[in-house]
Amino acid sequence: MNRINAPRGTRDIVYPEITDWQMLEERIREFYSRFLYREIRTPIFEHSELFHRGIGDTTEVVQKEMYTFEDKAGRSLTLRPENTASVVRAAIENNLLDTAFPLRFFYIGPMFRYDKPQKGRFRQFHQFGIEVFREESPELDAEVVYAAHAFLEELGLHDISLEINSVGCDECRPAYLTVLRQEAQARQEELCPDCRRKVDTNPLRIFDCKQPGCRSVAVAFPTIANHLCPGCSDHFTGVQAGLDAYQVPYTVNERMVRGLDYYTRTAFEITSSRLGAQNAILGGGRYNRLIHDLGGPDIPGIGFAAGMERLLLHLEMPPAEKPALCFLACQSAEYRLHVMKLARMLWQAGYHAFVDYSHANLKKQFRRSDRMAADFTLVLGEEEVSSGQLTIKDMARQEQVRIPQQELLEWMNQRKK
RNA sequence: GUGAGUGUAGCUCAAGGGUAGAGUAUCGGUCUGUGGAACCGAAUGUUGGGGGUUCAAAUCCCCUCACUCACCCCA
């Protein structure tokens, strides 16, 4: 029979890598609960319309990268490519927006995008993120950015840099885009074919182009900084003051663009220099229209999402502390039932124990114990059973003792300290 | 979606038209109450898949699939 492999761009996470994931998830839960973020779990698929309306029809993600399918009743469903729209939908649907309690959510889970896989990019990948609704002060933006940056720092991530920008709002961005489009049109000849197309559709993206020609042209283009309305301008100033208060190191990048349409005002991104081409490890920003656009009240929101694969790619997790492991061997099969009684004692007391049910001789059982990196090997044989004792060998110290069987737990407890 | 590189034993890799190999891991033995070392031995492959050229293909040609990296896009 031919084998079936995991679909392209997906992968299995198995031991020992899985322990890194478990530790990371634990750290996320602990860290973000300090800020009163509460976990939320939303469905892995949603009505396709949620993402069309939320993320924006013209975005790359929606146009080319969604896993969309029809269910048996003919509904158009889509595997979530990101989670912000879902969290907003869930908050509205569950009437969570009426409470006086802070509206703060965090999530951890798989996302799906039909991309061509490469280093740090998968079709099923995992993100964690946070969302805050209803608070509009710039200082809150600063706290969210701090919560993003400080977490990575606490994880011991090096070689990361934080960039922020303001992308304006519905008041000032259209006017700026007009100016930018004019400028780009004037110098169209000097742009690559790709960018020439962007002049009409999304001129901001020209700033992203890596072609040296486009880059040198785009440097001269006007940035949004001078076109922000007073409201956005004050807000951005406030964000920066807040970041200084929280002592977050950042640089302002007036040319930073984000891929999702819903961002207003604050946008930020954390990249790593150790990651290859896919160097964005975290991205987010404010979205003051999204909740309203998805049928909710007219309240603002802000959040970010981080790529967990990319995080783990250059994160050195400390080796997990594993409790002592006892390997239970016996001289021959006739003592097996005795061994099982000892195993039961250990398990009930919370110890890790492995019973060798094979009929191998002791030498082989010891070898197996060694390969499994057991801390202790317990042996039961004729001598032990007839005297109610058992032999324990400390594998690392190469010392062994014989003790009464009923003293096993006592011995382990002392040994553990 | 575009491009480049790579697919041979569980893993890392040889063999570049003439019998598919090594290291490592696995299993057995030297060694039936004691692991890591050493020595001896065994097992394991539709050479990613399909087609073509040839007396003969892992090797040359075509197609396809997968992986890797880059473009693109983004977490």
Side-chain angles (χ1 to χ4, degrees), chain A residues 1-11 55 59-66 80-84 108-129 148 152 192-195 197-198 202 205 208-211 256-260 268-272 275-284 303-313 327 329-333 335 356 358-385 390-400 402:
Chain A
M1 283 297 262
N2 50 346
R3 304 192 317 192
I4 299 173
N5 295 331
R8 175 154 221 210
T10 71
R11 56 192 212 95
I55 300 171
T59 57
E60 195 92 3
V61 170
V62 169
Q63 279 188 348
K64 314 203 306 207
E65 297 176 0
M66 295 214 301
R80 62 185 185 194
E82 59 105 49
N83 208 27
T84 299
I108 304 172
M111 309 293 158
F112 307 84
R113 290 185 200 173
Y114 193 88
D115 248 341
K116 196 150 169 179
Q118 69 185 70
K119 189 178 177 74
R121 193 169 79 185
F122 304 91
R123 289 184 172 179
Q124 173 172 341
F125 60 102
H126 298 77
Q127 289 186 333
F128 73 86
L152 301 186
C192 71
D194 241 11
C195 286
R197 233 171 291 128
K198 293 177 194 165
N202 196 351
R205 294 231 81 89
D208 271 353
C209 188
K210 284 168 188 159
Q211 304 279 340
M256 189 180 77
V257 182
R258 302 220 37 84
L260 312 180
F268 60 98
E269 197 168 87
I270 295 177
T271 55
S272 159
L275 232 47
Q278 306 302 317
N279 64 352
I281 185 168
L282 179 154
F304 70 78
M308 294 171 74
E309 279 84 359
R310 291 182 187 181
L311 210 60
L312 289 167
L313 212 51
F327 185 100
C330 62
Q331 186 190 359
S332 72
Y335 308 108
D356 189 339
S358 77
H359 287 196
N361 60 38
L362 269 180
K363 182 179 185 63
K364 281 179 193 152
Q365 294 183 69
F366 265 95
R367 167 191 286 260
R368 206 166 295 167
S369 173
D370 181 52
R371 297 282 155 98
M372 287 175 54
D375 299 285
F376 304 104
T377 303
L378 278 56
V379 183
L380 274 193
E382 187 184 352
E383 298 167 27
E384 287 86 353
V385 171
L390 69 96
T391 298
I392 304 182
K393 179 168 187 177
D394 182 320
M395 298 298 277
R397 297 186 194 178
Q398 303 189 61
E399 295 165 358
Q400 84 182 30
R402 192 169 282 186

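Just so we're clear, the structure is a prediction, and the values are computed from it rather than from any experiment. Letters A, B, ... mirror the listed sequences (proteins, then strands); counts begin at 1.
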Side-chain N or O of A/Gln118 less than 4.0 angstrom from OP1 or OP2 on B/U68? no

Considering every strand and a 4.0 Å limit on heavy-atom distances, what is the contact class for A/Gln63: base, sugar-phosphate, or nothing? nothing

A/Glu384 and A/Arg402: side-chain contact (heavy atoms from CB on, under 4.5 Å), yes or no, with the steps? CA-CA 8 Å; A/Glu384 287 86 353; A/Arg402 192 169 282 186; 3.4 Å; yes

For the side chain of A/Lys393, starting at C-beta, report the closest nucleotide among B/U34, B/A70, B/G28. B/U34

Walk me through it: do A/Ser272 and A/Arg310 pass the test side-chain contact (heavy atoms from CB on, under 4.5 Å)? CA-CA 9 Å; A/Ser272 159; A/Arg310 291 182 187 181; over 6 Å; no

Assigned chi class of B/G16 under the 90° convention is syn

Take atom CD of A/Glu269 and atom P of B/C74, then tell me their distance rounded to the nearest Å. 9 Å

Can you check the A/Ile55 CD1 to B/C73 P distance for me, whole Å? 17 Å

What contact category does A/Phe128 fall into here, base, sugar-phosphate, or nothing, at under 4.0 angstrom with non-hydrogen atoms? nothing

Closest to the A/Arg371 side chain: B/A75, B/G33, B/A37? B/A37

Quantified in whole Å, what is the P atom distance between nucleotide B/G10 and nucleotide B/U44? 11 Å

Between A/Phe376 (CZ) and B/U34 (C1'), how many Å, whole number? 16 Å

B/C40 to B/G16 separation - C1' atoms, rounded to the nearest Å: 35 Å

Rounding to the closest angstrom, what is the interatomic distance between B/U8 and B/G23 at atom C1'? 15 Å

Base, sugar-phosphate alone, or nothing: which one does A/Ser332 contact when heavy atoms must sit under 4.0 Å apart? nothing

Using the P atom as the point on both nucleotides, what is the distance between B/G28 and B/A9, in whole Å? 24 Å

Looking only at atom C1', what distance separates B/A14 and B/A75, rounded to whole Å? 40 Å

Can you tell me the distance, in whole Å, between the NZ atom of A/Lys116 and the C1' atom of B/U68? 11 Å

Taken to the nearest whole Å, CG/A/Asp115 to P/B/C71 is 12 Å

Does some side-chain heavy atom of A/Phe125 sit less than 4.5 Å from a side-chain heavy atom of A/Met308? no

Quick note, A/Val379 side chain, CB onward, closest among B/C72, B/G1, B/G33 is B/G33

Does A/Tyr335 have more than 12 heavy atoms from other residues, nucleotides or ligands lying within 6.0 Å of its OH? yes

Just by modelled atom types, is the A/Glu382 backbone N or O under 3.5 Å from a matching donor or acceptor in the A/Gln331 side chain? yes

Whole-Å C1' distance, B/U19 and B/G45: 15 Å

Could you check which of B/C73, B/A70, B/U26 has an atom nearest any side-chain atom of A/Glu60? B/C73

Distance criterion of 3.5 Å, no angle test: do you see the side chain of A/Lys363 paired donor-to-acceptor with the base of B/C31? yes

Taking the C1' atom of each, how far is B/G7 from B/G49, in whole Å? 11 Å

Pairing string, 5' to 3', for RNA chain B - Watson-Crick or wobble contacts under 3.5 Å, brackets [ ] where pairs cross, | to another strand: (((((((..((((....[..)))).(((((.......))))).....(((((..]....))))))))))))....

For A/Glu65 and B/G1, give me the distance from atom CD to atom P, rounded to whole Å. 12 Å

Using a heavy-atom cut-off of 4.0 Å across all strands, would you classify A/Arg113 as base, sugar-phosphate, or nothing? base

Sub-4.5 Å side-chain heavy-atom contact between A/Phe268 and A/Leu282: yes

Please state whether the base of B/C67 and the side chain of A/Arg8 form at least one donor-acceptor pair under 3.5 Å? no

Map A/Glu399 and A/Ala280 onto RNA chain B by nearest heavy atom, then report which one ends up closer to the 5' terminus. A/Glu399

Do you know which two heavy atoms are closest between A/Ile281 and A/Leu152, and how far apart they sit? CG2-CD1, 4.5 Å

Looking only at side-chain atoms of A/Lys364, point me to the closest of B/G28, B/A70, B/A75. B/G28

Suppose we call a contact any N or O donor and acceptor under 3.5 Å apart; does that hold for the side chain of A/Arg310 and the base of B/C74? yes

Once you round it to whole Å, what is the distance between C1' of B/G33 and CZ of A/Phe366? 8 Å

Do A/Gln398 side-chain and B/G36 base share a donor-acceptor contact under 3.5 Å? yes

Using atom C1' of each nucleotide, how far apart are B/G50 and B/C65 to the nearest Å? 10 Å

Select base, sugar-phosphate, or nothing to describe what A/Gly120 touches, counting heavy atoms under 4.0 Å on all strands. base

Rounded to the nearest 0.5 angstrom, the CZ-CD distance for A/Arg113 and A/Glu82 is 7.0 Å

Classify the nucleic acid contact of A/Gln365 as base, sugar-phosphate or nothing, counting any heavy atom under 4.0 Å across all strands shown. nothing

Taking B/G33, B/G35, B/C73 as options, the one with an atom nearest any side-chain atom of A/Arg367 is B/G35

Does a side-chain heavy-atom distance below 4.5 Å link A/Lys119 with A/Leu275? no

Taking C-beta and beyond as the side chain, do A/His126 and A/Pro110 meet within less than 4.5 Å on heavy atoms? yes

Base, sugar-phosphate or nothing for A/Gly283? Non-hydrogen atoms, less than 4.0 Å. sugar-phosphate

As a test of reading the structure: which of B/G33, B/G1, B/C74 is closest to the side chain of A/Gln331, going by heavy atoms? B/G33

Between the side-chain atoms of A/Gln400 and the base atoms of B/G33, is any donor-acceptor pair under 3.5 Å? no

Reckon A/Gly9 touches a base, only the sugar-phosphate, or nothing at all at heavy-atom distances under 4.0 Å? sugar-phosphate

With a non-hydrogen cut-off below 4.0 angstrom, is A/Arg402 in contact with a base, only sugar-phosphate, or nothing? base

Rounded to the nearest Å, what distance is computed from the OH atom of residue A/Tyr114 to the C1' atom of nucleotide B/U2? 14 Å

Starting the side chain at C-beta, find the nucleotide from B/C72, B/A75, B/G36 nearest to A/Lys64. B/C72

On a heavy-atom basis, the closest approach of A/Ala333 and A/His359 is CB-NE2, 4.0 Å

If you take atom types as modelled and just measure distance, does the side chain of A/Arg121 reach the base of B/C72 with a donor-acceptor pair under 3.5 Å? yes

